[in-house]
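Notes to accompany the following structure.
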Amino acid sequence: MTKIAVNLPAVPARSYEITIGRGILAAAASELADAGWARRWAVVTDANVAGLHLGTVLAALRRAGVSAESFVVPAGEAHKTLPAAADLAARLLEGAFDRTCGILALGGGVVGDFAAFVASIFMRGIPVVQMPTTLLAQVDASVGGKTGVDVPQAKNVLGTFWQPHAVFSDLALLDTLPVREWTSGCAEIVKYGVIAEPPLLDGARGLRQREPAVVADLVARSCRIKAAIVAADERDAGRRRVLNFGHTIGHAIEAESGYTILHGEAVAMGMVCAARLSHRRGHLAAVACTAVERALAEVGLATVIPPFLRADDLLQRVARDKKKAGDAVAFVLVTALGEPVIASDVTEAEIRAVLQDVTA
Ligand SMILES: NC(=O)c1ccc[n+]([C@@H]2O[C@H](COP(=O)([O-])OP(=O)(O)OC[C@H]3O[C@@H](n4cnc5c(N)ncnc54)[C@H](O)[C@@H]3O)[C@@H](O)[C@H]2O)c1
């Protein structure tokens with residue numbers, strides 16, 4: 001069992017720990033019982049995770065003497081909405097949950113973002129504990145305190161910063177994760193390798209095979225990297241933006257595909273673009289660029305953009321996002337593996353050239 005501290009210098013009292021290991025449910029439950037953060041817990045989960053893991057989690061909580069009731073919501077990004085949040089709040093009230101209670105988010109990034117969002121506004125804020133069940137959520141979404149729901153026009157538009165009281169990542173919960181979701185989550189681990197710790201890229205093959213020791217090691221190292229970045233810039237005002245490596249073009253690919261391409265799959269293609277752009281600008285050696293693409297391929301991710309996505313359409317989306325943010329969308333490049341830089345002068349012509357280069 002590994003414990004990683006997320007230190008928040010601005011308000012040390014809000015610092016917390018990420019606990020990672022296989023079969024840690026009993027330990028997590030007794031920590032919850034001892035901590036006394038809440039009198040009762042609402043275990044919020046989606047219908048898929050409920051069918052697979054809710055019974056085991058509830059049993060562990062009850063054995064430890066933790067009072068817990070489950071609230072199951074429909075699975076999928078389409079349900080990460082404000083009406084769904086209001087609906088959950090109403091159900092919590094009907095169940096007599098009040099400000100002495102807490103929410104335990106059991107699920108992937110959708111449940112984590114959604115449940116933490118509700119926790120941040122219910123009775124002006126109650127504790128949330130994250131128990132992530134996807135690889136993406138264990139290495140990324142559960143750490144850092146960003147919560148949110150979508151509106152029809154765009155993702156994550158309504159949200160808060162609400163740090164969890166704890167994160168419990170039980171690696172055994174990942175055993176039921178479908179291959180495609182697993183592979184998509186691997187993209188974020190490769191990202192940490194590119195922006196912070198190049199040796200992570202060596203674990204790509206073991207990650208694809210889900211070798212337990214490799215997975216435990218890479219999840220912990222990824223969380224350590226994210227924890228350090230969040231500690232340096234909790235509110236995303238500067239350094240935290242390096243976590244967006246591959247995401248500028250990745251988001252355009254994800255949205256333009258009508259979300260048929262998963263987040264991590266799109267970010268992988270976006271990382272290939274960002275690495276090649278870095279190379280074209282003379283920052284990144286060809287051998288490093290190839291290492292990024294090899295690691296992505298080794299975990300099973302596509303490294304080319306499918307031809308049904310047209311460069312012009314993707315470019316328009318990137319430009320639209322940029323406009324919405326008042327031209328402040330920065331492009332994360334790398335000058336070497338592990339050395340990210342924020343570039344605000346990337347031109348349309350450069351993006352077009354790299355999109356054409358990376359499209360199959
Ligand atoms: N807050 C953050 O910092 C942050 C960072 C990255 C992503 N996100 C958010 O995360 C979301 C994506 O998260 P995700 O990829 O985990 O998607 P998800 O939560 O939709 O989970 C993917 C699918 O896997 C299922 N699932 C979850 N755990 C399972 C398990 N153990 N076994 C079998 N099936 C399981 C889910 O029901 C769902 O169908 C997006 O909404 C994104 O905005 C947030």
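Counting convention: from 1, in listed order, for ligands and their atoms alike.
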Give the atoms of ligand 1, by number and element, whose distance to some non-hydrogen atom of D46 is under 4.0 Å. 36 (C), 37 (O)
Salt bridge present between K80 and D46 (N-O < 4.0 angstrom): no
Kindly identify the option in L243, V111, V49, L136 whose heavy atom sits closest to atom 26 (N) of ligand 1. V49
Ligand 1 atoms in contact with K146 (distance to a heavy atom under 4.0 Å): 1 (N), 3 (O)
Nearest-contact summary for atom 28 (N) of ligand 1 - protein heavy atom, Å: T133 OG1, 2.7 Å
Determine whether the side chain, the backbone, both or neither of L52 has a heavy atom under 4.0 Å from any heavy atom of ligand 1. side chain
Below a 4.0 angstrom heavy-atom separation, can you tell me which part of L262, side chain or backbone, both or neither, approaches ligand 1? neither
Ligand 1 contact on V110 by region, counting heavy-atom pairs under 4.0 Å: both
Would you say E188 touches ligand 1, if touching means a heavy atom closer than 4.0 Å? no
Which atoms of ligand 1 have any heavy atom of D140 under 4.0 Å away? 5 (C), 6 (C)
Is the H263 ring parallel, tilted or perpendicular to the H251 ring (thresholds 30°, 60°)? tilted
Hey, mind stepping through L262 and E181 against side chain to side chain contact (heavy atoms under 4.5 Å, CB included) and telling me if it holds? CA-CA 8 Å; L262 299 180; E181 293 293 347; 4.1 Å; yes
E181, portion touching ligand 1 at heavy-atom distance under 4.0 Å: side chain
Have a look at ligand 1 and work out which part of H53, if any, has a heavy atom under 4.0 Å from it: side chain, backbone, both or neither. side chain
Between T176 and ligand 1, which residue portion shows a heavy-atom distance shorter than 4.0 Å: side chain, backbone, both, or neither? both
Is there a side-chain contact between M131 and H53 in this structure, where contact means two heavy atoms from C-beta onward sitting under 4.5 Å apart? no
Under a 4.0 Å heavy-atom limit, does N156 contact ligand 1 with its side chain, its backbone, both, or neither? side chain
Does even one non-hydrogen atom of E77 get within less than 4.0 Å of ligand 1? yes
Check the side chains of H283 and E339 for a donor-acceptor pair under 3.5 angstrom, ignoring hydrogens and angles. no
At under 4.0 Å between heavy atoms, which part of A75 makes contact with ligand 1: side chain, backbone, both or neither? side chain
Give a yes or no answer on whether the side chain of K226 reaches the backbone of D140 with a donor-acceptor pair at less than 3.5 Å. yes
Would K226 count as a contact residue for ligand 1, given that I'm defining contact as a non-hydrogen atom of the residue lying under 4.0 Å from a ligand atom? yes
Spacing of L52 atom CG and L173 atom CG [to the nearest 0.5 Å]: 9.5 Å
